[in-house]
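Letters A, B, ... mirror the listed sequences (proteins, then strands); counts begin at 1.
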Amino acid sequence: MPTRRRALLVLAVLALATAGALALALAAGSLRLSPAEVLGALAGPGGAGVPISPSSASGSELASEVVLGLRLPRALAAFACGGLLALAGALMQVLLRNPLADPYVLGVSGGAAVGALGATLLAAPLALVHGGAFGGALAAMLLVFGLAHGDGSWTQARLLLTGVVVAAGCGALVALILTLAPEERLRGMLFWLMGDVARATTPWPALLTLAVGLALALPFARELNLLARGELPARALGVDSPRLRALVYGLASLLTAVAVTTAGSIGFVGLIVPHAIRLLVGNDQRLLLPAAALGGGALLVVADTAARTLVAPQQLPVGVLTALLGVPLFLILLARQPRGVLS
Amino acid sequence: MSAAAPLLEAAALEVAVPGRVLVRGLALAVAPGERLVILGRNGSGKTTLLHTLAGLRDPRAGSLSLCGRAYAEHGPRQAARLRGLMAQQQLDAFPATVLETALVGRHPHLGRWAWEGAADADIARESLAAVGLAEFETRDVQTLSGGERQRLALATLLTQRPRLLFLDEPLAHLDLGQQVAALELLERHTEEHGAAAVMVLHDINLALRWAGRALLLAGDGRFELGGAGEVLTPERLGALFGHGLREVVAEGRRYLVPG
C-alpha cells in the first residue's frame with residue numbers, strides 16, 4: 001500500500017546519499033581536502049571561522065578557489081544532468097509503457113549529436129556547439145512528434161518506431177561527420193559522444209530545468225501511474241490522456257535536450273536509475289519520479305568524481321564510468337527477487 | 001411508481017469505423033438496477049459500441065448522456081466517478097501488487113495531491129474479497145493467472161464504485177464456478193448500489209439467466225433490442241451467428257444449445 005510517509009522516508013534517505021556524493025566530489029581530487037576544509041571553503045573566505053589545520057591564508061584561499069570555482073559547479077552540473085536523464089528516462093518508460101525505454105530512444109540525443117558534432121566539424125565556437133546540440137535535439141523531437149502524429153493516431157508503436165528510425169538516421173550522420181572530421185578534433189567529438197561533465201560551463205540552466213521538470217511532472221504523478229497501465233483504462237478512470245502524453249513527451253525530450261547540451265550524451269543513467277529505483281521501491285510515480293531524479297544525480301556525481309580522479313591527471317569520459325558502474329549494479333538488482341526490503 | 005431517471009441515454013446514435021457503419025439509429029435508456037447484455041459475431045462492433053457508450057470514443061452521429069448530461073459537460077474526471085469500464089484485455093507492463101492495482105479505481109475520487117487512505121484501502125479490500133482475491137493482496141500482478149487477472153480487473157472496477165458499469169467480456173478466462181460467481185456478484189452490486197451494468201458476453205445461456213435486456217448487433221448497422229427472453233430465441237440467434245440453435249427446457253428454464 002503506497003503511503004506518503006514511506007515516500008518521504010525513501011526520499012530522505014536518497015537526499016542523504018546525494019549530500020554524501022556531493023561531499024565526496026568536493027573533497028576528492030589532486031588537492032585532497034578534509035571535510036573541515038571543504039566546509040571552510042563553502043563558508044567562504046573569512047566566513048564561519050572553521051579552523052584549517054595546515055593553516056596559512058594562502059592554503060585556505062586555494063581550497064576555497066578549488067571548491068567554489070571548480071569542484072562545486074562541476075558537481076552541481078553532474079547532479080543536474082544525472083537527475084535530468086533519470087527523470088526523462090522514467091517519463092519515457094511511462095510514455096512508451098516499456099521499462100527498457102531510455103531518454104535517447106526517440107532520437108533526441110542523436111539529433112543533439114548531429115548538431116554538436118556538426119558545429120565542432122565547422123570549428124564553431126563553444127557557444128555554437130551548445131546551440132547546435134540543443135537545436136539538434138529540438139529538431140529531432142519535433143520531427144519524431146510530427147511524423148508519429150501525422151495520422152492523428154499517435155500510438156506507442158508508431159512513436160517508438162519513428163523515434164528509432166530517426167535515431168538510426170542521426171547515427172549515420174554522426175558516423176559521416178566522424179569520418180570527415182580532421183584528426184585533432186576527433187578526440188573532442190568522441191568525448192562528446194561518450195558524455196563528459198568537464199564541458200559544462202555552468203550548472204544553472206540544467207539545475208533550473210530539473211526543478212521545473214519535477215514541478216511540472218509531480219502534479220500528474222498519479223495520472224502517470226494510470227497511463228503506465230494503458231491508455232484505455234487510464235481514460236476510463238478520468239485521465240485526459242492525449243494531453244498528458246503530449247506533456248510527457250515534450251517534457252522528457254526537453255529534459256534530455258538540456259542534459260545532452262550540458263554534458264554530451266551520457267549513457268545508462270536514464271535507463272538504469274529509474275529501473276533500479278523501481279526494483280527497490282515499486283512503480284508509484286509519486287515516489288519514483290523524485291527518487292529517480294535524486295538517485296540519477298547522486299550516481300552521476302560519484303561517477304564524475306571517479307572520472308576525474310581514478311587515473312588523474314588524465315580524465316575519463318564519465319559515460320564510460322556510468323556504464324561500468326551502472327551495468328553491474330543493475331545486474332545485481334535484477335538477480336535479486338524484485339521489490340526487496342524497502343517495499 | 002415512476003421509473004428512476006436513466007443513467008445512460010442514447011438517441012439516434014450512429015457508431016462507425018472507417019468504411020463501415022456498425023450501429024445506426026440506436027435509441028437506448030439504461031435505468032438503475034438494469035442489466036443489459038450485448039451479443040454479436042466477432043468483429044460486429046460490440047467493443048466499439050461499448051467504448052462509445054462509455055464516452056471513450058465519439059459517435060458518428062446522435063447524442064449520448066450520462067446521468068442527464070453529455071460526457072463533454074461532465075469532463076473526464078466527473079464521468080469517471082459515474083461510469084467505469086472493464087476492458088477486454090488487461091496489460092501489465094510494470095510490476096505492481098494486487099492491492100495497488102485495485103486501488104487505482106479510487107483515482108477519480110481523490111484530489112490531485114491526495115494519497116489513498118484507509119477508507120480507500122477498505123473499499124479495495126472489500127472488492128478483492130468479493131472476487132475471491134483477499135489472500136492475494138501482496139502478489140505481483142504479473143504472476144497472476146489469466147482468470148485471476150480478470151477477477152482483479154473486476155475488483156478494480158468495483159473499487160471505482162461507478163453507477164454505470166461497462167464490461168467487455170468479463171467472463172473470459174474464468175472457470176465455470178467463477179463465471180457464475182462473477183455474474184451473481186454483479187447482480188448483487190447493481191441492486192445494492194442502484195447501479196446498472198452493460199456487458200458484452202458470448203455465453204448465450206448465461207446471458208439468458210443474468211440479463212434483463214439484450215442488444216443483438218448484426219455488424220452492418222442493424223440491431224435488435226428487447227427483453228432477454230424475447231430477443232434471445234433460436235431463430236434470431238441462429239440467423240445472427242450463422243449456426244442453428246435448439247431450445248431445451250429443463251426445470252422451467254430455457255437453454256439454447258448449438259444444433
Side-chain angles (χ1 to χ4, degrees), chain A residues 1-8 90 92-101 151-153 156 218-244 274-275 277-288 334 337-340 343, chain B residues 47 50-51 54-57 74-97 99-118 120-121 124-125 137-138 140-143 153 156-157 159-160 162 165-166 168:
Chain A
M1 166 101 184
T3 62
R4 188 183 272 132
R5 234 184 87 199
R6 175 171 164 270
L8 290 176
M92 218 48 122
Q93 289 166 8
V94 170
L95 180 71
L96 298 173
R97 217 175 312 136
N98 186 337
L100 292 180
D151 67 346
S153 68
Q156 252 149 265
L218 281 180
F220 296 98
R222 215 175 60 233
E223 283 162 291
L224 291 173
N225 282 342
L226 296 181
L227 200 61
R229 291 171 181 274
E231 172 121 41
L232 182 69
R235 287 180 57 211
L237 282 164
V239 176
D240 186 352
S241 75
R243 267 172 55 189
L244 185 60
H275 207 107
I277 303 266
R278 187 176 296 120
L279 287 174
L280 285 170
V281 303
N283 194 37
D284 190 332
Q285 311 301 319
R286 291 172 286 188
L287 171 56
L288 182 69
L334 207 59
Q337 207 54 27
R339 305 173 66 72
S343 63
Chain B
T47 296
L50 198 72
H51 289 179
L56 300 171
R57 194 179 192 286
H74 283 295
R77 253 180 108 69
Q78 172 64 17
R81 292 191 202 119
L82 296 170
R83 67 92 182 89
L85 170 75
M86 174 175 166
Q88 197 172 33
Q89 284 171 320
Q90 322 301 330
L91 304 166
D92 301 297
F94 297 97
T97 67
L99 181 63
E100 280 166 8
T101 305
L103 274 172
V104 302
R106 299 311 296 162
H107 174 80
H109 303 280
L110 296 173
R112 183 163 292 288
W113 295 102
W115 287 61
E116 298 83 357
D120 301 303
R125 291 203 170 97
E137 237 181 65
T138 54
D140 187 332
V141 284
Q142 292 179 324
T143 67
T156 305
L157 180 64
T159 305
Q160 191 184 344
L165 292 78
F166 293 98
D168 199 348

Practice task
For each of B:His107, B:Glu137, B:Arg77, B:Arg81, tally heavy-atom pairs with chain A at distances under 4.5 Å, and name the one with the top tally.
Solution key: B:His107

Practice task
Mind listing the closest non-hydrogen atom pair of A:Ala236 and B:Ala80 along with its distance?
Solution key: O-CB, 3.6 Å

Problem - Residues, nucleotides or ligands: over 12 heavy atoms within 6.0 Å of B:Arg112 CZ - result: yes

Handout entry: B:Phe94 to A:Gln93 - nearest heavy-atom pair and separation
Key = CZ-O, 3.3 Å

Practice task
Please examine the side chains of B:Thr101 and A:Arg229, heavy atoms only from C-beta on, and report whether any two atoms are closer than 4.5 Å.
Solution key: yes

Practice task
State, yes or no, whether a side-chain contact exists between A:Asp284 and B:Glu100 at a heavy-atom distance under 4.5 Å.
Solution key: no

Exercise for the section: Select one option (side chain, backbone, both, neither) describing which atoms of A:Pro219 are under 4.5 Å from chain B's heavy atoms. Expected result: both

Practice task
With the side chain counted from C-beta on, respond yes when B:Leu56 and A:Leu232 share a heavy-atom pair under 4.5 Å apart, and no when they do not.
Solution key: yes

Practice task
Select, from B:Gln78, B:Arg83, B:Met86, the one with the greatest count of heavy-atom pairs under 4.5 Å involving chain A.
Solution key: B:Arg83

Practice task
Taking all non-hydrogen atoms of both residues into account, name the closest pair between A:Ala7 and B:Trp115 and its distance.
Solution key: CB-CH2, 3.7 Å

Exercise for the section: Please state whether the side chain, the backbone, both or neither of A:Leu226 comes within less than 4.5 Å of a heavy atom of chain B. Expected result: side chain

Practice task
Heavy-atom distances under 4.5 Å only: say whether B:Arg57 touches chain A with side chain, backbone, both or neither.
Solution key: backbone

Completion exercise
Bottom line for B:His51: the part with an atom under 4.5 Å from chain A's heavy atoms is side chain

Handout entry: Exam field: side chain A:Arg222 to backbone B:Trp113, donor-acceptor pair closer than 3.5 Å
Key = no

Completion exercise
Checked A:Val94, A:Leu218, A:Val239 vs chain B; the most non-hydrogen pairs under 4.5 Å come from A:Leu218

Handout entry: B:Gln160 portion near chain A, given a 4.5 angstrom heavy-atom threshold
Key = side chain

